[in-house]
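Contents: one structure, followed by commentary.
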Amino acid sequence: MMNIKKLILFFIFLQSLNLLNAQKNSCKCSELEKYDQENQKKWKTYKFEPISKDSAVKAPFNYIATDFLDNPAKISDIIDSVHIKLKAYDYLMNADYSEERDDKKKKSNTSYMDGFEKYMNISDSIRSIEAKKSIGPLSKPKVIKSEKNNNKWAILYYDFKYDELLTFGAGYWLAYSEDSGKNWKYNYTGLSEKNNYVFKSNSKLPLWKDDHHIQIEADIVRMTDEMGHPLPPEYETVKDNALVIMDITEILKDSDGDGINDITEKKLFLNPNSKDTDNDGIPDHKDTNPRFKKDDNEFTILYEGLMYGDYEIRGKDFFEEFDIDISNPKLYSGEDSGFAVMKEIINTIKMIVTDDKNLQQIAPPNETIIILTTEEYKEYEKQNKSKIIKQNFSPLFKCDTKKDTYILRESASYSGRTYEITRTKKGWSVRVVSSWIS
């Protein structure tokens with residue numbers, strides 16, 4: 001698995017800056033105050049409860065079976081060649097640059113951020129070289145185990161598309177070919193790293209159990225303390241000798257033939273028996289909002305502008321201002337990240353939980369978002385232990401003291417903003433009145 005320790009250290013560095021919080025006076029909004037108070041009550045009474053060890057050991061799906069071995073492979077014996085190569089550059093991540101180091105005994109005036117950037121650039125370069133090495137159609141660092149069985153070829157690999165990197169880890173995927181690698185199918189297994197299996201790339205057993213099943217050794221783990229930014233979750237090993245057996249037929253099953261297997265459609269609350277869940281004429285695999293039809297009105301254009309707008313920015317620092325012309329909305333198609341590990345995060349599916357009809361009917365230009373109602377999300381949490389990255393929006397509240405003015409709060413990962421939004425003759429005037437980064 002690709003090493004994200006340095007990424008975690010970077011977030012710890014951000015935390016060392018304390019909470020960066022900027023505010024400007026905005027209109028009074030009693031609805032928002034009540035909303036905040038209700039959320040505070042929820043967080044005060046919330047308590048994390050680990051799942052039981054028996055639950056962790058129990059196979060999560062009927063197409064998964066587990067056995068237990070007397071002489072298992074050990075995760076501690078896995079060798080990460082990239083990590084070994086990067087070890088020579090660990091000093092760049094050392095926050096104390098006053099100490100002497102290297103053969104020349106020179107002191108470095110490099111700041112932590114400079115060191116982090118240099119390390120990430122070196123890391124990106126090394127990983128890029130490794131990524132050019134391939135196993136079948138996949139870059140070598142993503143592959144856990146690969147094996148041929150006559151004309152069949154199965155590759156078990158990592159992907160972040162449906163899993164939040166900083167919460168659990170990557171999802172486990174299967175690349176499968178029945179013609180010796182000429183054509184491939186790529187399917188999510190429904191399983192996620194550390195939830196509750198950690199697959200072992202040094203598994204001693206063959207990947208193929210029989211013509212219809214693959215197998216992989218794993219540790220079974222459970223989360224004992226959830227993520228408390230900037231620190232990752234804590235886990236304990238429940239069993240270190242598991243053998244996970246997967247039914248290939250069920251993993252490949254795609255009832256509607258839209259290229260998204262039934263396992264994924266069920267996780268994303270899509271219809272596995274329809275190629276076009278929302279009946280908008282765009283097939284699910286191409287639809288950036290596959291659960292709701294697009295609608296163009298002043299409020300959907302507002303939400304799209306806040307999330308993807310390409311407008312002239314006024315204001316300074318954290319207090320940006322811009323105007324949205326609803327007759328000529330301008331959306332930004334996105335930009336590439338400089339770090340390979342960041343690209344993995346950016347390319348994941350995201351989720352919004354909302355009952356706002358207008359927010360539900362947006363059309364993202366450059367990413368896929370799964371939108372669930374609050375009731376649907378309750379069911380989602382019951383069905384899925386691993387989560388998709390959430391982008392959170394408060395309801396659009398009217399200001400008490402200003403006409404045609406609203407307040408909206410938005411957050412994602414470790415940052416957020418509060419917007420004051422005023423209706424104008426052309427559309428909307430948007431002003432950031434509060435920002436935070438942790």
Side-chain angles (χ1 to χ4, degrees), residues 21-40 278 280 287-289 291-334 350-367 369-374 390-413 415-437:
N21 194 322
Q23 295 183 346
K24 270 189 175 182
N25 291 332
S26 62
C27 68
K28 178 177 174 55
C29 183
S30 54
E31 287 182 321
L32 179 61
E33 291 174 1
K34 183 180 179 181
Y35 173 82
D36 286 341
Q37 290 171 0
E38 290 174 351
N39 282 330
Q40 287 171 9
D278 59 5
D280 65 352
D287 200 337
T288 57
N289 179 5
R291 299 197 68 250
F292 293 92
K293 292 181 181 180
K294 174 178 172 56
D295 183 33
D296 286 323
N297 63 55
E298 60 181 345
F299 289 101
T300 58
I301 292 172
L302 167 63
Y303 283 120
E304 290 171 358
L306 293 175
M307 298 169 68
Y308 310 107
D310 186 15
Y311 299 101
E312 181 180 350
I313 301 297
R314 304 186 303 274
K316 293 182 178 180
D317 300 324
F318 300 98
F319 305 115
E320 296 179 350
E321 298 179 25
F322 57 94
D323 297 318
I324 297 175
D325 184 346
I326 62 174
S327 66
N328 184 28
K330 298 178 181 179
L331 301 183
Y332 181 52
S333 60
K350 293 181 182 177
M351 177 177 287
I352 295 175
V353 179
T354 182
D355 295 319
D356 184 324
K357 300 294 184 184
N358 296 305
L359 182 52
Q360 289 172 350
Q361 295 174 318
I362 63 171
N366 62 345
E367 63 179 353
I369 292 184
I370 298 299
I371 300 179
L372 301 182
T373 65
T374 52
K390 280 179 66 181
Q391 189 164 3
N392 303 299
F393 289 87
S394 73
L396 191 61
F397 294 118
K398 286 186 176 180
C399 286
D400 299 341
T401 54
K402 292 184 180 180
K403 184 180 178 181
D404 291 331
T405 301
Y406 301 84
I407 291 289
L408 178 71
R409 184 164 294 154
E410 169 269 322
S411 64
S413 297
S415 63
R417 289 179 166 188
T418 301
Y419 299 97
E420 182 179 296
I421 303 161
T422 303
R423 184 182 276 108
T424 65
K425 291 181 179 180
K426 288 189 174 183
W428 301 101
S429 174
V430 178
R431 186 166 70 103
V432 178
V433 295
S434 177
S435 296
W436 60 269
I437 301 173

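To the nearest 0.5 Å, atom CZ of residue Arg423 and atom NZ of residue Lys403 are 10.0 Å apart. Lys398 NZ to Asp404 CG: the interatomic distance, rounded to the nearest 0.5 Å, is 8.0 Å. A distance of 7.5 Å separates OG1 of Thr300 from CD of Gln361, quoted to the nearest 0.5 Å. We find the OH-CG distance between Tyr303 and Leu408 to be 5.5 Å, quoted to the nearest 0.5 Å. Summarising the geometry, atom CD belonging to Glu31 is positioned 12.0 Å from atom CG belonging to Asp36; distances are rounded to the nearest 0.5 Å. Taking CD1 of Ile370 as the start and OG1 of Thr288 as the end, the distance is 10.0 Å to the nearest 0.5 Å.
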Applying side-chain contact (heavy atoms from CB on, under 4.5 Å), run through Asn358 and Leu396 and close with a yes or a no. CA-CA 10 Å; Asn358 296 305; Leu396 191 61; over 6 Å; no
Taking it one step at a time, do Asp278 and Lys294 satisfy salt bridge (charged side-chain N to carboxylate O under 4.0 Å, His left out)? CA-CA 10 Å; Asp278 59 5; Lys294 174 178 172 56; over 6 Å; no
If you apply the rule side-chain contact (heavy atoms from CB on, under 4.5 Å), what do you find for Leu372 with Arg291, and how did you get there? CA-CA 8 Å; Leu372 301 182; Arg291 299 197 68 250; 3.6 Å; yes
For the pair Val430 and Leu302, evaluate side-chain contact (heavy atoms from CB on, under 4.5 Å) and give the outcome as yes or no after the intermediate values. CA-CA 9 Å; Val430 178; Leu302 167 63; 4.2 Å; yes
Could you walk me through whether Lys426 and Ile326 pass the side-chain contact (heavy atoms from CB on, under 4.5 Å) check? CA-CA 6 Å; Lys426 288 189 174 183; Ile326 62 174; over 6 Å; no
Audit row: Asp355, Thr374, side-chain hydrogen bond (donor to acceptor under 3.5 Å, both in side chains) steps and yes/no: CA-CA 7 Å; Asp355 295 319; Thr374 52; 2.8 Å; yes
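The heavy-atom pair separating Val353 from Lys390 by the smallest distance is CG2-CE, 3.9 Å. Nearest heavy-atom pair across Tyr311 and Pro329 is OH-CA, 3.5 Å. In terms of heavy atoms, Ile362 sits closest to Met307 at CD1-SD, 3.8 Å. Scanning both residues, Gln391 and Ile352, for their nearest heavy atoms gives O-CG1, 3.6 Å. Considering every non-hydrogen atom in both Thr354 and Gln360, the closest pair reads O-NE2, 3.0 Å.
Take Cys399 and apply the disulfide (SG to SG under 2.5 Å) test, not counting sequence neighbours, and it matches Cys27. Partners of Phe299 according to the ring pair (Phe, Tyr, Trp, His ring centres under 6.0 Å) rule, which considers only residues two or more places apart in sequence or in another chain, are Trp428. Taking the side-chain hydrogen bond (donor to acceptor under 3.5 Å, both in side chains) definition, one finds that Thr373 meets it with Glu376, sequence neighbours left out.
Panel note: side chain Glu321, backbone Ser429; no donor-acceptor pair is recorded below 3.5 Å. A donor-acceptor distance shorter than 3.5 angstrom exists from the side chain of Ser394 to the backbone of Arg409, with no hydrogens or angles considered.
Using a 4.0 Å cut-off between charged nitrogen and carboxylate oxygen, Arg417 and Glu410 do not count as a salt-bridge pair. Asp323 has a carboxylate O that lies under 4.0 Å from a charged side-chain N of Arg314, or vice versa, which qualifies the two as a salt bridge. The pair Lys293-Asp295 fails the salt-bridge criterion, with no side-chain N (NZ, NE, NH1 or NH2) lying under 4.0 Å from an Asp/Glu carboxylate O.
Results of the side-chain contact (heavy atoms from CB on, under 4.5 Å) test with Cys29 over Thr418, Ile407, Thr405 single out Ile407 as the only residue that passes.
Here the side chains of Pro395 and Asp356 are not in contact, with every heavy-atom distance at 4.5 Å or above.
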